[in-house]
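This is a predicted model, so every value here is computed, not measured.
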Amino acid sequence: MRVSYYQRDLAFIHDRGYGLHADRCAPGILELLSGVGDGLVLEFGCGSGALTRHLLAAGLRVVATDASAEMLVLARAALGPDADLRRLALPGDPLPAADAIVSVGHAISYLPGAAAVEAALAAAAGALRPGGVLAIDILDLDYGQIRAGEPPFARVEEDWAIITTFATPAPDRFVRDITTFVPDGAGAWRRGGERHENVLVDTSRIPALLAGHGVRAAVGTSFGDAELPAGLRSVTGRKD
């Protein structure tokens, strides 16, 4: 059964309060895409369009995708009717041929296990045209080690609030239990929640995996000058 993440209330909160990561990563990703020209950029996990808007502003031709229908509703409102937005879930949905594949926010880490992550990486490599660019982020095994025992987090804004607790039930698993509060339109607050499970992988194995599909890739800790949070890795490369 497919797990549905980022339903209405959490999608709204993520859009309102959590676009900074994409904003920070955008200059480094755009530098990697400098040779793409009028080629097609395929984005995984576009969310409400936080990175997409930077790509479009740079004049790139973008197909922005997400597995969350609610996120795509917000992206449509933000980016307008001409944006090419599609619902797509890795690793099984077919991918269009692309000259670049990008993703921030560790979308690929929402897959159910290492085998699904490897299948998604293989599918991405297969979708890249010769010379195509790959630039994504993904959670490493040490992400969970670093955050083991992390205390709950709370944030309150004028029109939303969120409480998150963390768990590491296994070395390859990082879990967030998220409670959300948004106005219900009748003078009260609506309470909701989602349980997010991220799979953690040994990212040192990724270059060899991608090399088997014709992509020369490196694992790093940044996109350009934008350093990623500890345990979040960049995977960048080019298809032969």
Side-chain angles (χ1 to χ4, degrees), residues 2 22 25-47 51-52 54-56 58-67 84-143 172 198-224 226 228 231-240:
R2 179 183 296 179
C25 293
I29 289 178
L30 288 173
E31 184 177 354
L32 291 168
L33 301 181
S34 59
V36 169
D38 62 355
L40 179 67
V41 178
L42 175 62
E43 181 184 4
F44 296 148
C46 69
L51 176 64
T52 320
H54 292 282
L55 302 175
L56 293 173
L60 295 166
R61 186 163 58 99
V62 182
V63 171
T65 72
D66 204 285
D84 191 343
L85 303 172
R86 306 180 192 181
R87 193 172 187 188
L88 182 148
L90 295 170
D93 288 351
L95 308 181
D99 299 283
I101 292 177
V102 301
S103 180
V104 299
H106 57 80
I108 200 169
S109 300
Y110 279 90
L111 298 180
V117 169
E118 292 182 3
L121 290 169
L128 279 175
R129 296 188 177 106
V133 174
L134 179 69
I136 67 171
D137 61 12
I138 186 171
L139 297 178
D140 188 80
L141 284 170
D142 63 2
Y143 189 88
D172 67 343
N198 293 141
V199 61
L200 312 177
V201 300
D202 179 358
T203 59
S204 69
R205 299 180 60 247
I206 290 178
L209 170 68
L210 289 172
H213 297 276
V215 176
R216 292 176 286 109
V219 175
T221 59
S222 67
F223 289 116
L228 301 180
L232 182 62
R233 301 283 194 267
S234 59
V235 179
T236 58
R238 188 176 293 271
K239 189 164 185 178
D240 293 332

Which pair of non-hydrogen atoms, one from [X] and one from [Y], has the smallest distance, and what is that distance?
X     : Y      : value
Cys25 : Val104 : CB-CG1, 4.1 Å
Asp66 : Gly47  : OD2-N, 2.7 Å
Leu40 : Ala97  : CD2-O, 3.3 Å
Val36 : Ala100 : CG2-CB, 4.0 Å

Partner residues of [X] under the side-chain contact (heavy atoms from CB on, under 4.5 Å) criterion, sequence neighbours left out:
X      : result
Ala64  : Glu43, Cys46, Thr52, Val62, Leu85
Ala116 : Pro91, Leu111, Pro112
Ala217 : Leu210, Val215, Val235

[X] versus [Y]: any side-chain heavy-atom pair under 4.5 Å?
X      : Y      : result
Val133 : Arg238 : yes
Leu139 : Leu232 : yes
Val219 : Pro207 : yes

To the closest 0.5 Å, what do you measure between [atom1] ([X]) and [atom2] ([Y])?
X      : Y      : atom1 : atom2 : result
Thr203 : Leu141 : OG1   : CG    : 8.0 Å
Ile138 : Ile108 : CD1   : CD1   : 5.0 Å
Leu88  : Leu42  : CG    : CG    : 7.0 Å
Ile29  : Ile136 : CD1   : CD1   : 10.5 Å

(request) Sequence neighbours left out, what pairs pass salt bridge (Lys or Arg N to Asp or Glu O under 4.0 Å) with at least one residue falling in residues 131-141? (result)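 Listed once each, the pairs are Asp140-Arg233.
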(request) Kindly state each residue pair satisfying salt bridge (Lys or Arg N to Asp or Glu O under 4.0 Å) with at least one member in residues 99-117, sequence neighbours excluded. (result)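 Output for this query lists Asp99-Arg129.
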(request) List in chain and number order the residues that pass side-chain hydrogen bond (donor to acceptor under 3.5 Å, both in side chains) with Ser222, two or more places apart in sequence or in another chain; answer none if no residue qualifies. (result)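 Testing Ser222 for side-chain hydrogen bond (donor to acceptor under 3.5 Å, both in side chains), a comparison that skips the adjacent residues, returns none.
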Name the atoms and distances for all side-chain donor-acceptor pairs under 3.5 Å in residues 118-128, with sequence neighbours left out.
from	atom 1	to	atom 2	distance (Å)
Glu118	OE2	Arg205	NH1	2.9

(request) Applying salt bridge (charged side-chain N to carboxylate O under 4.0 Å, His left out), name anything that partners Asp84, two or more places apart in sequence or on another chain. (result)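 Per chain and number, Asp84 pairs via salt bridge (charged side-chain N to carboxylate O under 4.0 Å, His left out) with Arg86.
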(request) Apply salt bridge (charged side-chain N to carboxylate O under 4.0 Å, His left out) to Asp172 and list each qualifying residue two or more places apart in sequence or on a separate chain. (result)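 In terms of salt bridge (charged side-chain N to carboxylate O under 4.0 Å, His left out), with neighbours along the sequence ignored, Asp172 is linked to no residue.
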(message) Taking ring-ring contact (aromatic ring centres under 6.0 Å, His included) as the definition, give me every residue that meets it alongside Phe44, ordered by chain and number, with sequence neighbours left out.
(response)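 Scan of Phe44 (ring-ring contact (aromatic ring centres under 6.0 Å, His included), adjacent residues dropped) gives none.
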(message) For residues 199-219, which residue pairs pass the ring-ring contact (aromatic ring centres under 6.0 Å, His included) check, not counting sequence neighbours?
(response)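 Counting only pairs at least two positions apart or across chains, no ring-ring contact (aromatic ring centres under 6.0 Å, His included) contact touches residues 199-219.
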(request) With sequence neighbours excluded, give me every ring-ring contact (aromatic ring centres under 6.0 Å, His included) pair touching residues 112-143. (result)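 Pairs touching residues 112-143 that pass the test: Tyr143-Phe174.
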(request) State which residue, out of Thr236, Leu32, Val41, Leu134, fulfils the side chain to side chain contact (heavy atoms under 4.5 Å, CB included) condition with Val102. (result)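 Among the candidates, only Val41 passes.
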(request) Could you go through the side-chain contact (heavy atoms from CB on, under 4.5 Å) check for Leu95 and Thr65 one step at a time? (result) CA-CA 10 Å; Leu95 308 181; Thr65 72; over 6 Å; no
